[in-house]
Amino acid sequence: MDVMGDKATLFETGRYVQPSGRDEAGEAAEEARRRLAAEAGDVEAMSVLGSMLLRRGDLDGAEPHLRAATAAGDRAAANNLGVLLHQRGYAEEAAGWWRIAAVAGSAAAAHALGRHHRERGDEPAAEYWLRQSAEQGHALGAYALADLLEHRGDDGAEQWMRSAAEQGHREAAYRLARALDRQAGLESDGDDSTGRALEEQAEQFYRQAAARGHRRAALHLGAILEKRGDLKEAGRWYLTSAKDGEARAACALGFLLRDAGDSESAAVWWLRAAQDGDGNAANALGALHAERGETQTAERWYRAAMDAGDDNGAYNLGLLCAEQGRTAQAEQWYRRAAYAGHREAANALAILLLQGGDATGAEPWFSKAAEAGSVDAAFNLGILFAGRSEEPVALRWYERAAAAGHTEAALQVGIARLRDGDEREAERHLRCAAGGGSAEAAYRLAAVLDARRPAVSAHELGEAVHEKTECEEWYERAASQGHRRAQVRVGMLAAARGDVVEAARWYRQAAEAGSRNGAFNLGLLLAREGSEPEAAVWWTRAADAGHGRAALRLALVYARRGELAEGQRWADRAVALGPAEVAERAARLRDALGQELSA
């Protein structure tokens with residue numbers, strides 16, 4: 001047991017000794033004055049002199065003065081004599097003097113006596129004396145009582161922890177903040193205002209503890225500020241905590257610096273944290289070296305992360321080996337991380353097995369990862385079961401992944417719901433997927449909305465162009481992402497409102513990306529504008545890609561030019577490509593051209 005923790009508990013006289021190094025000459029003069037007064041029989045001087053010598057570590061010099069003052073009835077001397085005897089190893093004798101001082105009203109002695117009883121397993125006696133100390137306003141007593149009650153699961157612990165924190169006890173402030181944080185987390189699904197109030201209180205106590213030099217409080221305060229977006233202040237608290245030796249703060253500071261574009265400074269702090277055993281920092285260093293192509297150094301840091309107990313190290317080693325084509329080693333590291341419960345490693349291992357043709361071996365790893373919360377694994381299970389034509393099972397996994405925000409899974413659910421005729425649910429999922437950036441979902445959503453639009457009546461033709469509808473906006477979003485069918489549809493909408501230039505632009509984009517409908521429509525547009533030779537070029541491209549109407553158009557072009565054999569060839573191609581009405585017209589044209597050629 002150390003010397004009572006602070007000046008207020010060591011000395012109850014109100015006369016505090018200055019810490020070493022502040023004013024040595026003043027201390028010496030004060031000691032000399034107290035010594036003279038003690039030799040003259042001044043009890044208070046004996047007590048203070050004994051306390052001064054005790055603080056300095058001069059136990060032999062302090063003991064006679066403390067015993068003399070204690071014999072004269074000075075309770076502070078009795079308390080400090082107990083401290084001295086405890087330091088000498090005479091715990092029972094120390095407890096006797098603390099009891100005398102505590103009975104006389106010394107809160108510090110009651111605290112020391114309570115701690116003594118707790119160390120010996122006598123919790124009822126410990127609680128009694130700690131409560132005596134706490135109720136007298138003693139911060140250390142309140143904290144020790146709170147710690148005892150919390151250990152027992154007593155609801156009264158928070159009251160005394162708060163009391164100690166409000167009196168400036170930094171560890172109490174930190175522990176109270178942690179408790180409030182946990183309560184705020186439990187309230188996150190309930191009353192938002194209650195949760196926010198708890199978070200604000202937690203921040204207040206973190207700040208109080210951090211300001212008094214509590215490094216973990218500074219770390220948590222930095223995390224709160226970072227989450228809020230106050231990166232500059234967050235960085236200051238991370239720096240304070242990191243300088244005090246908190247590896248997690250050094251690691252967090254490294255990520256802040258990296259995000260700010262200062263990778264070199266980030267590496268310095270990650271190195272410091274990694275050398276102190278922080279696996280996350282070691283992983284970050286590994287990733288930094290991997291990005292630079294320094295694979296051997298990256299592997300060394302990933303192994304260091306793994307040795308620090310961070311399963312991400314094994315997972316990252318797997319990724320590194322996979323990138324280098326070292327499949328066997330990648331599987332080994334993925335397995336190690338997966339067996340340790342790393343869900344993304346389990347997913348990666350399943351993908352590796354699936355790529356190797358082992359679908360049976362992949363399934364349980366996908367399931368394990370998905371059950372552990374991997375959204376990608378849930379989606380991959382959907383793909384796996386869909387490949388086996390087990391659509392209901394696939395849909396269940398797609399729905400699970402979609403509920404967690406997986407864009408492609410939401411698209412698959414939307415498609416399935418459209419197939420089942422549940423347009424409302426289909427639209428909901430397609431909106432989620434389209435909002436997440438899926439071009440296919442945006443196109444399909446636009447098509448759903450497009451089908452609901454009322455047909456334009458004859459009297460509306462020729463009216464001024466209205467603002468774009470929602471379906472047009474989704475078509476355009478998909479088109480701008482390179483979706484060929486959407487590009488064709490946007491071109492058709494532009495052509496319908498008379499915007500030939502815009503229509504041609506979208507048709508051309510689609511055609512150049514390989515859309516046969518885009519090429520066909522671009523040909524139609526060019527033909528109407530009098531550019532039949534260029535139109536024929538695009539129709540040829542469309543026909544070569546299997547577009548029957550484009551082949552029929554080419555047959556007509558060549559027939560008009562008098563190139564009957566070429567016309568007949570394209571008409572024959574159109575018959576083969578269809579659809580039925582095109583094939584019928586093409587057959588009549590082919591026969592007519594055949595008669596013309598044989599005449």
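In what follows, residues are counted from 1 in the order of the sequence shown. All values derive from a computational prediction rather than experimental measurement.
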- Message: Checking Arg228 against Ile224 for the side chain to side chain contact (heavy atoms under 4.5 Å, CB included) test, could you report, in this order, the C-alpha distance in whole Å, the side-chain angles of both residues, the deciding distance, and whether it holds?
- Response: CA-CA 6 Å; Arg228 188 189 299 160; Ile224 289 170; 3.8 Å; yes
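- Judged by distance alone, with hydrogens and angles left aside, the side-chain atoms of Asp262 form a donor-acceptor pair with the main-chain N or O of Ser265 at under 3.5 Å.
- Taking CZ of Arg115 as the reference point, atom NE2 of His86 lies at 7.5 Å (rounded to 0.5 Å).
- Across all non-hydrogen atoms, the minimal contact from Ala72 to Val43 is CB-CG2, 3.5 Å.
- In this structure, the side chain of Arg400 does not engage the main chain of Ala378 through any donor-acceptor pair within 3.5 Å.
- A salt bridge is absent between Arg34 and Glu31; no separation between the charged side-chain nitrogens and carboxylate oxygens falls under 4.0 Å.
- In this structure, the side chain of Tyr238 engages the main chain of Ala223 through a donor-acceptor pair within 3.5 Å.
- Exactly one of Arg118, Arg152, Gln132 qualifies for a side-chain hydrogen bond (donor to acceptor under 3.5 Å, both in side chains) with Glu127. That residue is Arg152.
- Residue Arg131 places its CZ atom among more than 12 non-hydrogen atoms of other residues, nucleotides or ligands, all under 6.0 Å distant.
- In this structure the side chain of Arg67 never reaches within 4.5 angstrom of the side chain of Thr70, judged on heavy atoms.
- Using a 4.0 Å cut-off between charged nitrogen and carboxylate oxygen, Arg216 and Glu171 count as a salt-bridge pair.
- Using modelled atom types, one side-chain atom of Arg75 and one backbone atom of Gly105 make a donor-acceptor pair closer than 3.5 Å.
- Interatomic distance, Leu219 CG to Asp244 CG, rounded to the nearest 0.5 Å: 11.5 Å.
- Classification of the His406-Phe379 ring pair by plane angle, with boundaries at 30° and 60°, yields parallel.
- With rounding to the nearest 0.5 angstrom, the CG atom of Asp376 is 9.5 Å from the CZ atom of Phe366.
- Taking each heavy atom of Leu66 and Ser47 in turn, the nearest pair found is CD2-O, 3.9 Å.
- Taking the side chain as every heavy atom from C-beta outward, Ser263 and Leu288 approach each other to under 4.5 Å.
- Contact record, Ala305 with Gly313: CB-CA, 4.1 Å, taken as the closest heavy-atom pair.
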- For side chain to side chain contact (heavy atoms under 4.5 Å, CB included), just list the numbers for Trp301 and Leu271, CA-CA rounded to whole Å, side-chain angles, deciding distance to a tenth of an Å, and then say yes or no. CA-CA 10 Å; Trp301 282 114; Leu271 178 61; 3.6 Å; yes
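- For the residue pair Ala290 and Tyr302, the shortest heavy atom distance occurs at CB-OH, 4.1 Å.
- With hydrogens and angles left out, the side-chain atoms of Gln183 and Gln201 include no donor and acceptor closer than 3.5 Å.
- Leu180 has its side chain within reach of Arg162: a pair of non-hydrogen atoms, C-beta onward, lies under 4.5 Å apart.
- For Asp122 and Arg120, the salt-bridge test fails: no basic side-chain N is under 4.0 Å from an acidic carboxylate O.
- The closest side-chain donor-acceptor pair between Ser163 and Gln167 falls under 3.5 angstrom.
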- Task: Take Glu203 and Arg207 through the test salt bridge (charged side-chain N to carboxylate O under 4.0 Å, His left out) and record every step on the way to the result.
- Result: CA-CA 6 Å; Glu203 181 181 344; Arg207 195 176 289 277; 3.2 Å; yes
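- Note: Tyr206 and Tyr174 have tilted aromatic rings, judged against thresholds of 30 and 60 degrees for the angle between ring planes.
- Contact between Ala184 and Glu199 at its shortest, heavy atoms only, is CB-CG, 3.6 Å.
- Rounded to the nearest 0.5 angstrom, His342 NE2 and Leu349 CG are separated by 12.5 Å.
- Using a 4.0 Å cut-off between charged side-chain N and carboxylate O, Arg292 and Glu264 make a salt bridge.
- A donor-acceptor pair is defined here as one N or O able to donate and one able to accept, closer than 3.5 Å; no such pair exists between the side chain of Thr407 and the backbone of Ala433.
- Looking at heavy atoms from C-beta onward, Glu92 lies in side-chain contact with His116 at the 4.5 angstrom threshold.
- Between Glu150 and Arg175, at least one side-chain nitrogen of the basic residue sits less than 4.0 Å from a carboxylate oxygen of the acidic one, meeting the salt-bridge criterion.
- Two residues are said to be in side-chain contact when any heavy atoms from C-beta on lie closer than 4.5 Å; Asn316 and Met306 fail this criterion.
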- Item | Full working for side chain to side chain contact (heavy atoms under 4.5 Å, CB included) between His111 and Trp129 | CA-CA 6 Å; His111 164 245; Trp129 288 110; over 6 Å; no
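- Atom CZ of residue Arg170 and atom CZ of residue Arg212 lie 9.5 Å apart, to the nearest 0.5 angstrom.
- Between the CH2 atom of Trp333 and the CD atom of Glu299 there is a distance of 7.5 Å, given to the nearest 0.5 Å.
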- side chain to side chain contact (heavy atoms under 4.5 Å, CB included) between Arg300 and Gln296: does it pass, once the steps are laid out? CA-CA 6 Å; Arg300 179 167 62 84; Gln296 288 186 337; over 6 Å; no
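- Under the 30°/60° scheme for interplanar angles, the aromatic rings of Trp365 and Tyr339 are found to stand perpendicular.
- Side-chain contact check for Cys251 versus Trp270: some heavy-atom pair is nearer than 4.5 Å.
- Ion pair Glu39/Arg35 not flagged as a salt bridge, since none of the NZ, NE, NH1 or NH2 atoms sits closer than 4.0 Å to an Asp/Glu carboxylate oxygen.
- A salt bridge links Asp60 and Arg88; the closest N-O separation between the charged side-chain nitrogens and carboxylate oxygens is under 4.0 Å.
- When all heavy atoms of Asn79 and Trp98 are compared, the pair lying nearest together is O-NE1, 3.0 Å.
- Annotation: side chain of Arg178 is not in contact with side chain of Phe205 (no heavy-atom distance under 4.5 Å).
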- Run the numbers on Asn283 and Asn312 for side chain to side chain donor-acceptor pair (under 3.5 Å), then give the verdict. CA-CA 7 Å; Asn283 272 314; Asn312 282 313; 5.5 Å; no
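- Asp147 has its side chain out of reach of Trp160: every pair of non-hydrogen atoms, C-beta onward, lies at least 4.5 Å apart.
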